[in-house]
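Remarks on the structure that follows.
Both counts, for ligands and for their atoms, begin at 1 and track the order of listing. Scope of the values below: all heavy atoms of this structure, side chains included, with no hydrogens, waters or symmetry mates.
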Amino acid sequence: MVLEASHIAKSFGDNEVLKDVSFQLQEGSVAVLLGTNGSGKTTLINILSGFLKPDKGEIRLNGVRINGVEPNILNQKGIGRTFQDMRLVENMTVLENVLLAFPNQEGEKWWKALLPMDDVKREQEINRQKANEILRTCFIDDIALRLAREVSYGQQKLLNLACCMASGTSVWLLDEPVAGVNPKYREMLSDVIKQEKNKGISLLIIEHNSDFITDVADEILFLNEGKLRKFQSYEAYRNNKKVKEAYV
Ligand SMILES: Nc1ncnc2c1ncn2[C@@H]1O[C@H](COP(=O)(O)OP(=O)(O)OP(=O)(O)O)[C@@H](O)[C@H]1O
Ligand SMILES: [Mg+2]
């Protein structure tokens, strides 16, 4: 497995959010993480991406323990994420947001100023071409030069995926990638996700939309009362008595 969490616990004061959470994410698969509001889904993603430290438990990426590793280092090691509240650089263009997400922005290093201008320009041109290719894959190449804050909500969600792609990471943790998106963009987001999964990207996705889940999920993880339960299908999850009780 690519990502493995064992016996994770996390409390905020008296609020015991995660009690004992274990799961394994397989290479080239999509696990959808479900649970009621406030059940701790985002907290779990914050822990897996290094934004929060667990009180107990262990996290391994490709077999290597990654507890306590800072988010930017985890990003370099292969973990990409999106946020429930998007977090794009709103005053930059769509294209610039993607360029910023490249792991080595060689053109931005200070010592590059010492190189002949042609070399720097060539490198920047290569990055721009790569970024445009990513934007095409994400169906947003036509809005490359628009400011991120000016494009539609669905396009911003696609841009989030484009930034994950640009970061070159192989494990994506997505916090509600289609929430509030209309069906047209939801299908585009599904298509991008399935395409990347088929290329070997492993995804853990928090999402509630049933059409989306049916389309992309290989397995369902249900977070309830601080523990995680695994289901092989969305149907099995929906028919489960404990699940039904949790949503009453
Ligand atoms: N940094 C924090 N400090 C204190 N409490 C927190 C913090 N982050 C989360 N919590 C609490 O932990 C619980 C789980 O929150 P979390 O955001 O992980 O839930 P969620 O399942 O993502 O909910 P939603 O479906 O609403 O997004 C909530 O009670 C929340 O108030
Ligand atoms: Mg959340």
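Although no hydrogens or angles enter the test, the distance criterion places a donor-acceptor pair under 3.5 Å between the side chain of N239 and the main chain of E235.
In terms of protein heavy-atom proximity, atom 8 (N) of ligand 1 is closest to F12 CZ, 3.4 Å. Nearest non-hydrogen protein atom to atom 25 (O) of ligand 1 is K41 NZ, 2.8 Å. The protein heavy-atom contact nearest to atom 17 (O) of ligand 1 is T42 CB, 3.8 Å. Protein heavy atom closest to atom 14 (C) of ligand 1, with residue, atom name and distance, is G38 O, 3.3 Å. The protein heavy atom nearest to atom 29 (O) of ligand 1 is N15 ND2, 3.1 Å.
Taking a cut-off of 2.8 Å, the protein N, O or S atoms nearer than that to the Mg ion (ligand 2) are T42 OG1, Q84 OE1.
Ring centroids of F212 and Y234 are separated by 6.0 Å or more, keeping the two rings apart.
As a member of the Ile/Leu/Val/Met/Phe/Trp/Tyr network built from side-chain separations under 4.5 Å, I126 groups with nothing else and remains a singleton.
A salt bridge does not link E196 with K194: none of the charged nitrogens is closer than 4.0 Å to a carboxylate oxygen. Salt bridge status for K241 with E245: present, with a side-chain N to carboxylate O gap under 4.0 Å.
A cation-pi arrangement is present between R81 and F51, with the terminal nitrogen or guanidinium carbon under 6.0 Å from the aromatic centre and inside a 45° cone about the axis.
Every N/O-N/O distance between V17 and ligand 1 stays at or above 3.5 Å. In terms of polar-atom proximity, defined here as any N/O pair under 3.5 Å, N37 does make such a contact with ligand 1.
Residues in residues 141-165 take part in no salt bridge (charged side-chain N to carboxylate O under 4.0 Å, His left out) pair, two or more places apart or across chains. For residues 24-37, the side chain to side chain donor-acceptor pair (under 3.5 Å) pairs, not counting sequence neighbours, are E4-Q24.
Close approach of ligand 1 to T43 (heavy-atom distance below 4.0 Å) involves ligand atoms 9 (C), 14 (C), 15 (O), 16 (P), 18 (O). Atom numbering of ligand 1 starts at 1 in the shown order; those under 4.0 Å from a heavy atom of Q84 are 27 (O).
By the criterion of a heavy-atom distance under 4.0 Å, neither the backbone nor the side chain of L223 is placed next to ligand 1.
For the 3.5 Å distance criterion, the side chains of T42 and D175 qualify, holding a donor opposite an acceptor. Under 3.5 Å, the side chains of N160 and R87 contain no donor-acceptor pair of N or O atoms. With hydrogens and angles left out, the side-chain atoms of Q195 and T137 include no donor and acceptor closer than 3.5 Å. Between the side chains of S152 and Q155, at least one donor-acceptor pair of N or O atoms lies under 3.5 Å.
The protein does not reach atom 31 (O) of ligand 1 closely, with no heavy atom under 4.0 angstrom from it.
In this structure, G35 does not count as a contact residue of ligand 1, since none of its heavy atoms falls inside 4.0 Å of the ligand.
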